[in-house]
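Remember, it's 1-based here, ligands and their atoms both numbered in the order they're listed. Along the sequence shown, residues are numbered consecutively beginning with 1.
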Amino acid sequence: MTIPGLPTPVHSGKVRELYDAGDGLLVMVASDRMSAFDVVLPTAIPDKGRVLTALSLWWFDQLSDLVPNHVVSADVDEYPGVFRGRDELRGRSVLVRRLAMVPVECVARAYLSGSGTKQYRVDGAVCGVPLPAGLTEGSELPDTIFTPTTKATPPDHDAPMTYAEVEAAVGPEQAAELRKLTIEILDRGRRVCGPRGIILADTKVEWGVDAAGTLVLADEVLTPDSSRFWPAEEWQPGRAQPSYDKQPLRDWLESSGWDKKAPGPELPPEIVAATRERYVAAYERITGERFA
Ligand SMILES: N#Cc1c(N)ncnc1-c1cnn(Cc2cccc(F)c2)c1
(Lines give C-alpha, C1' and ligand atoms only; values in the text may rest on other atoms or scores of the structure.)
Protein backbone atom coordinates (compact mmCIF):
# COMPACT_ATOMS: atom_id res chain seq x y z
CA MET A 1 0.00 0.00 0.00
CA THR A 2 1.92 3.03 -1.23
CA ILE A 3 0.63 6.28 0.23
CA PRO A 4 1.34 9.39 -1.91
CA GLY A 5 3.83 11.77 -0.29
CA LEU A 6 5.22 9.20 2.13
CA PRO A 7 8.78 7.84 1.78
CA THR A 8 9.42 4.29 0.63
CA PRO A 9 8.81 1.98 3.61
CA VAL A 10 11.92 0.61 5.36
CA HIS A 11 10.05 -2.67 5.80
CA SER A 12 7.12 -3.97 3.80
CA GLY A 13 5.42 -7.10 5.08
CA LYS A 14 2.44 -9.09 3.72
CA VAL A 15 -0.07 -6.86 5.47
CA ARG A 16 1.96 -4.08 7.09
CA GLU A 17 4.51 -1.35 6.32
CA LEU A 18 7.14 0.34 8.46
CA TYR A 19 8.28 3.90 7.68
CA ASP A 20 11.28 5.89 8.96
CA ALA A 21 9.90 9.05 10.62
CA GLY A 22 13.34 10.42 11.60
CA ASP A 23 14.70 11.28 15.07
CA GLY A 24 14.73 7.63 16.13
CA LEU A 25 11.04 7.19 15.29
CA LEU A 26 9.15 4.82 12.99
CA VAL A 27 5.53 4.69 11.80
CA MET A 28 4.04 1.20 11.71
CA VAL A 29 1.02 0.90 9.39
CA ALA A 30 -1.49 -1.97 9.33
CA SER A 31 -3.24 -2.36 5.97
CA ASP A 32 -6.60 -4.02 5.26
CA ARG A 33 -4.80 -6.67 3.25
CA MET A 34 -5.59 -10.25 4.19
CA SER A 35 -3.33 -13.23 3.91
CA ALA A 36 -4.38 -16.87 4.10
CA PHE A 37 -2.31 -20.03 3.64
CA ASP A 38 0.73 -17.72 3.22
CA VAL A 39 -0.82 -15.94 0.22
CA VAL A 40 -1.84 -12.26 0.19
CA LEU A 41 -5.37 -12.13 -1.22
CA PRO A 42 -6.45 -9.49 -3.77
CA THR A 43 -9.55 -8.49 -1.75
CA ALA A 44 -9.11 -6.20 1.24
CA ILE A 45 -11.05 -6.62 4.49
CA PRO A 46 -12.44 -3.17 5.42
CA ASP A 47 -11.30 -1.96 8.87
CA LYS A 48 -8.98 -4.97 9.46
CA GLY A 49 -5.96 -2.67 9.96
CA ARG A 50 -7.88 -0.38 12.34
CA VAL A 51 -9.24 -3.27 14.40
CA LEU A 52 -5.85 -4.95 14.79
CA THR A 53 -4.14 -1.65 15.60
CA ALA A 54 -6.75 -0.85 18.27
CA LEU A 55 -6.46 -4.37 19.74
CA SER A 56 -2.65 -4.24 19.86
CA LEU A 57 -2.73 -0.82 21.55
CA TRP A 58 -5.22 -2.18 24.12
CA TRP A 59 -2.88 -5.10 24.93
CA PHE A 60 0.18 -2.81 25.17
CA ASP A 61 -1.73 -0.84 27.77
CA GLN A 62 -2.84 -3.99 29.61
CA LEU A 63 0.79 -5.17 29.72
CA SER A 64 2.35 -1.82 30.62
CA ASP A 65 2.88 -2.83 34.26
CA LEU A 66 4.83 -5.90 33.10
CA VAL A 67 7.00 -4.52 30.26
CA PRO A 68 7.87 -1.19 28.62
CA ASN A 69 6.77 -0.90 24.99
CA HIS A 70 7.82 1.01 21.89
CA VAL A 71 4.63 3.06 21.45
CA VAL A 72 5.08 6.84 21.32
CA SER A 73 1.66 7.84 19.98
CA ALA A 74 -1.30 6.57 17.99
CA ASP A 75 -2.64 10.06 17.30
CA VAL A 76 -1.85 10.91 13.66
CA ASP A 77 -2.14 14.62 14.49
CA GLU A 78 0.89 14.22 16.78
CA TYR A 79 3.08 12.49 14.17
CA PRO A 80 6.15 14.28 12.79
CA GLY A 81 6.66 15.73 9.31
CA VAL A 82 4.90 14.22 6.28
CA PHE A 83 3.07 11.71 8.49
CA ARG A 84 1.18 14.31 10.49
CA GLY A 85 -2.57 14.39 10.02
CA ARG A 86 -2.59 11.88 7.12
CA ASP A 87 -6.08 10.40 7.06
CA GLU A 88 -4.82 7.23 5.34
CA LEU A 89 -2.91 6.50 8.59
CA ARG A 90 -5.65 7.43 11.04
CA GLY A 91 -6.50 4.54 13.37
CA ARG A 92 -4.30 2.06 11.53
CA SER A 93 -0.82 3.28 12.47
CA VAL A 94 1.40 3.73 15.50
CA LEU A 95 4.37 6.07 15.99
CA VAL A 96 7.04 3.97 17.72
CA ARG A 97 10.58 4.28 19.05
CA ARG A 98 13.26 2.76 16.82
CA LEU A 99 14.91 -0.10 18.75
CA ALA A 100 17.75 -2.55 18.20
CA MET A 101 15.59 -5.57 17.40
CA VAL A 102 16.33 -8.90 19.07
CA PRO A 103 17.15 -11.44 16.28
CA VAL A 104 14.69 -14.04 17.62
CA GLU A 105 10.97 -14.51 16.95
CA CYS A 106 9.72 -15.08 20.49
CA VAL A 107 6.87 -17.60 20.41
CA ALA A 108 5.01 -18.98 23.43
CA ARG A 109 2.61 -21.91 23.17
CA ALA A 110 -0.08 -23.15 25.55
CA TYR A 111 -1.48 -25.61 22.99
CA LEU A 112 0.10 -27.91 20.43
CA SER A 113 -0.61 -26.85 16.84
CA GLY A 114 0.79 -26.29 13.36
CA SER A 115 4.56 -26.52 13.10
CA GLY A 116 4.68 -27.43 16.79
CA THR A 117 2.70 -30.58 16.15
CA LYS A 118 4.94 -31.50 13.24
CA GLN A 119 8.06 -31.17 15.44
CA TYR A 120 6.39 -33.09 18.29
CA ARG A 121 5.50 -36.01 16.00
CA VAL A 122 9.17 -36.32 14.99
CA ASP A 123 10.91 -36.21 18.36
CA GLY A 124 8.36 -35.66 21.12
CA ALA A 125 9.55 -32.10 21.62
CA VAL A 126 9.10 -28.57 20.26
CA CYS A 127 12.23 -26.42 19.91
CA GLY A 128 13.98 -28.96 22.13
CA VAL A 129 11.37 -28.68 24.88
CA PRO A 130 10.32 -32.28 25.73
CA LEU A 131 6.56 -32.89 25.98
CA PRO A 132 4.53 -35.77 27.43
CA ALA A 133 3.55 -38.67 25.18
CA GLY A 134 0.04 -38.89 23.79
CA LEU A 135 -0.47 -35.29 22.72
CA THR A 136 -2.18 -34.42 19.42
CA GLU A 137 -3.07 -31.40 17.25
CA GLY A 138 -4.88 -28.96 19.51
CA SER A 139 -3.86 -30.57 22.82
CA GLU A 140 -3.47 -28.22 25.77
CA LEU A 141 0.11 -28.36 27.06
CA PRO A 142 0.86 -29.04 30.74
CA ASP A 143 2.65 -25.67 30.89
CA THR A 144 3.15 -22.73 28.56
CA ILE A 145 6.41 -23.25 26.64
CA PHE A 146 8.89 -20.96 24.87
CA THR A 147 9.36 -22.07 21.23
CA PRO A 148 11.52 -19.44 19.49
CA THR A 149 12.43 -19.29 15.84
CA THR A 150 14.91 -17.49 13.66
CA LYS A 151 13.86 -14.38 11.73
CA ALA A 152 14.17 -15.68 8.19
CA THR A 153 14.04 -13.44 5.12
CA PRO A 154 11.34 -14.56 2.65
CA PRO A 155 11.19 -16.86 0.75
CA ASP A 156 13.06 -18.71 3.55
CA HIS A 157 10.92 -19.79 6.50
CA ASP A 158 11.58 -19.14 10.19
CA ALA A 159 13.45 -22.12 11.68
CA PRO A 160 12.91 -23.54 15.20
CA MET A 161 15.58 -22.58 17.75
CA THR A 162 16.51 -24.43 20.91
CA TYR A 163 16.88 -22.42 24.08
CA ALA A 164 20.65 -23.01 23.94
CA GLU A 165 20.69 -21.42 20.48
CA VAL A 166 18.85 -18.38 21.84
CA GLU A 167 21.41 -18.12 24.66
CA ALA A 168 24.20 -18.29 22.07
CA ALA A 169 22.50 -15.55 20.04
CA VAL A 170 21.66 -13.05 22.79
CA GLY A 171 23.43 -14.26 25.92
CA PRO A 172 22.02 -16.27 28.83
CA GLU A 173 20.69 -13.29 30.78
CA GLN A 174 18.62 -11.81 27.94
CA ALA A 175 17.51 -15.30 26.83
CA ALA A 176 16.09 -15.93 30.29
CA GLU A 177 14.27 -12.59 30.24
CA LEU A 178 12.86 -13.24 26.74
CA ARG A 179 11.53 -16.64 27.78
CA LYS A 180 10.07 -15.45 31.08
CA LEU A 181 8.36 -12.35 29.65
CA THR A 182 7.09 -14.01 26.44
CA ILE A 183 5.49 -16.80 28.48
CA GLU A 184 4.01 -14.27 30.92
CA ILE A 185 2.46 -12.29 28.05
CA LEU A 186 0.71 -15.37 26.70
CA ASP A 187 -0.46 -16.40 30.17
CA ARG A 188 -1.89 -12.93 30.79
CA GLY A 189 -3.59 -12.98 27.40
CA ARG A 190 -5.13 -16.35 28.22
CA ARG A 191 -6.49 -15.07 31.53
CA VAL A 192 -8.28 -12.27 29.66
CA CYS A 193 -9.51 -14.33 26.70
CA GLY A 194 -10.49 -17.56 28.50
CA PRO A 195 -13.45 -16.14 30.46
CA ARG A 196 -14.61 -14.49 27.21
CA GLY A 197 -14.87 -17.82 25.38
CA ILE A 198 -11.69 -17.47 23.35
CA ILE A 199 -8.75 -19.88 23.58
CA LEU A 200 -5.50 -17.99 23.02
CA ALA A 201 -3.38 -20.95 21.91
CA ASP A 202 -0.08 -19.27 21.11
CA THR A 203 1.50 -15.95 20.24
CA LYS A 204 4.60 -14.43 18.63
CA VAL A 205 6.08 -11.26 20.08
CA GLU A 206 9.03 -9.17 18.98
CA TRP A 207 11.44 -7.47 21.34
CA GLY A 208 13.89 -4.65 20.91
CA VAL A 209 16.52 -3.04 23.11
CA ASP A 210 16.58 0.69 23.71
CA ALA A 211 19.60 2.97 24.15
CA ALA A 212 19.60 2.20 27.89
CA GLY A 213 19.86 -1.55 27.14
CA THR A 214 16.32 -2.20 28.35
CA LEU A 215 14.21 -4.93 26.72
CA VAL A 216 11.15 -3.28 25.11
CA LEU A 217 8.05 -4.97 23.71
CA ALA A 218 7.76 -4.01 20.03
CA ASP A 219 5.81 -4.81 16.84
CA GLU A 220 2.15 -5.78 17.48
CA VAL A 221 0.97 -7.82 20.44
CA LEU A 222 -1.70 -10.50 20.90
CA THR A 223 -3.55 -9.86 17.65
CA PRO A 224 -5.10 -12.52 15.38
CA ASP A 225 -2.21 -11.87 12.96
CA SER A 226 0.41 -12.72 15.61
CA SER A 227 -1.53 -15.31 17.62
CA ARG A 228 -3.96 -18.22 17.31
CA PHE A 229 -7.44 -17.42 18.64
CA TRP A 230 -9.87 -20.37 18.80
CA PRO A 231 -13.57 -20.31 19.78
CA ALA A 232 -13.51 -22.24 23.07
CA GLU A 233 -16.87 -23.94 22.50
CA GLU A 234 -15.49 -25.63 19.36
CA TRP A 235 -12.21 -26.88 20.87
CA GLN A 236 -11.66 -30.52 19.96
CA PRO A 237 -8.13 -31.96 20.21
CA GLY A 238 -7.21 -34.33 17.38
CA ARG A 239 -7.86 -32.00 14.44
CA ALA A 240 -7.03 -28.50 13.27
CA GLN A 241 -8.99 -26.04 15.41
CA PRO A 242 -11.29 -23.46 13.78
CA SER A 243 -9.74 -20.03 13.81
CA TYR A 244 -11.89 -17.44 15.58
CA ASP A 245 -11.10 -14.82 12.93
CA LYS A 246 -10.09 -16.64 9.75
CA GLN A 247 -12.37 -19.67 9.61
CA PRO A 248 -15.11 -18.28 7.29
CA LEU A 249 -12.37 -17.27 4.84
CA ARG A 250 -10.47 -20.57 5.14
CA ASP A 251 -13.64 -22.61 4.66
CA TRP A 252 -14.60 -20.62 1.56
CA LEU A 253 -11.09 -20.89 0.09
CA GLU A 254 -11.03 -24.66 0.73
CA SER A 255 -14.47 -25.09 -0.90
CA SER A 256 -13.70 -22.77 -3.84
CA GLY A 257 -11.31 -25.22 -5.46
CA TRP A 258 -8.51 -22.66 -5.26
CA ASP A 259 -5.06 -24.13 -5.95
CA LYS A 260 -2.92 -22.81 -3.07
CA LYS A 261 0.03 -22.48 -5.40
CA ALA A 262 -1.99 -20.08 -7.59
CA PRO A 263 -2.62 -16.39 -6.86
CA GLY A 264 -5.37 -15.87 -4.32
CA PRO A 265 -8.96 -15.51 -5.67
CA GLU A 266 -11.18 -12.46 -5.25
CA LEU A 267 -13.45 -12.92 -2.21
CA PRO A 268 -17.27 -12.72 -2.46
CA PRO A 269 -18.82 -9.82 -0.51
CA GLU A 270 -20.41 -12.13 2.06
CA ILE A 271 -17.02 -13.63 2.98
CA VAL A 272 -15.49 -10.16 3.23
CA ALA A 273 -18.33 -9.08 5.54
CA ALA A 274 -18.11 -12.25 7.66
CA THR A 275 -14.35 -11.86 8.04
CA ARG A 276 -14.66 -8.21 9.01
CA GLU A 277 -17.34 -9.15 11.54
CA ARG A 278 -15.05 -11.80 13.10
CA TYR A 279 -12.27 -9.27 13.61
CA VAL A 280 -14.65 -6.71 15.11
CA ALA A 281 -16.22 -9.39 17.34
CA ALA A 282 -12.80 -10.51 18.58
CA TYR A 283 -11.90 -6.92 19.46
CA GLU A 284 -15.19 -6.25 21.26
CA ARG A 285 -15.20 -9.56 23.16
CA ILE A 286 -11.59 -9.22 24.31
CA THR A 287 -11.58 -5.54 25.21
CA GLY A 288 -15.22 -5.18 26.29
CA GLU A 289 -15.25 -1.99 24.19
CA ARG A 290 -17.28 -1.19 21.08
CA PHE A 291 -15.25 -0.90 17.88
CA ALA A 292 -15.95 2.54 16.41
N1 LIG B 1 8.08 -2.77 15.71
C2 LIG B 1 9.14 -2.39 15.54
C3 LIG B 1 10.49 -1.92 15.35
C4 LIG B 1 11.04 -0.95 16.23
N5 LIG B 1 10.28 -0.41 17.23
N6 LIG B 1 12.31 -0.53 16.04
C7 LIG B 1 13.04 -1.02 15.02
N8 LIG B 1 12.57 -1.92 14.16
C9 LIG B 1 11.31 -2.40 14.30
C10 LIG B 1 10.86 -3.42 13.32
C11 LIG B 1 11.59 -3.86 12.22
N12 LIG B 1 10.84 -4.79 11.55
N13 LIG B 1 9.71 -4.94 12.21
C14 LIG B 1 8.62 -5.87 11.79
C15 LIG B 1 7.63 -5.05 10.99
C16 LIG B 1 6.67 -4.35 11.65
C17 LIG B 1 5.73 -3.61 10.90
C18 LIG B 1 5.76 -3.59 9.54
C19 LIG B 1 6.74 -4.29 8.90
F20 LIG B 1 6.76 -4.27 7.56
C21 LIG B 1 7.69 -5.03 9.62
C22 LIG B 1 9.68 -4.13 13.30
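Checking side-chain atoms of Thr214 against main-chain N and O of Asp210 turns up no donor-acceptor pair under 3.5 Å.
Heavy atoms of Met101 found under 4.0 angstrom from ligand 1 belong exclusively to the side chain. Residue-level proximity to ligand 1 for Pro9 is absent, since no heavy atom of it falls below 4.0 angstrom. With a 4.0 Å heavy-atom cut-off, ligand 1 is reached by the backbone of His11 and by its side chain too. Residue contacts with ligand 1, taken as heavy atom pairs separated by less than 4.0 Å, involve Leu26 solely via side-chain atoms from C-beta onward. Here Glu17 has backbone heavy atoms under 4.0 Å from ligand 1, and that is the only part of it that gets that close.
Summary of contacts: the protein heavy atom closest to atom 1 (N) of ligand 1 is Asp219 N, 3.0 Å. Here the heavy atom of the protein found nearest to atom 17 (C) of ligand 1 is Met28 CG, 3.4 Å. Nearest protein neighbour of atom 11 (C) of ligand 1, counting heavy atoms only, is Leu18 CD2, 3.5 Å. Scanning the protein for heavy atoms near atom 6 (N) of ligand 1, the closest one is Leu99 N, 2.8 Å.
Relative orientation of the Tyr283 and Phe291 rings is perpendicular, given thresholds of 30° and 60° on the angle between their planes. Between His70 and Phe60, the ring planes are tilted. Angles from 30° to 60° get that label.
The closest approach between Gly208 and ligand 1 stays at or above 4.0 Å for every heavy atom of the residue.
Other cluster members for Leu99: Met101, Val216, joined by side-chain heavy-atom distances under 4.5 Å among Ile, Leu, Val, Met, Phe, Trp and Tyr.
Heavy-atom contacts from other residues, nucleotides or ligands closer than 6.0 Å to CD of Glu270 number more than 12.
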CA sep, side-chain torsions, deciding dist, call: Glu254, Lys260, salt bridge (Lys or Arg N to Asp or Glu O under 4.0 Å): CA-CA 9 Å; Glu254 298 274 21; Lys260 291 181 184 139; 3.2 Å; yes
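Figure legend: Arg228 and Tyr111 shown without cation-pi pairing, the cationic atom not lying both under 6.0 angstrom from the six-membered ring centre and within 45 degrees of its axis.
Among Arg16, Glu220, Arg97, the residue whose heavy atom sits closest to atom 5 (N) of ligand 1 is Arg97.
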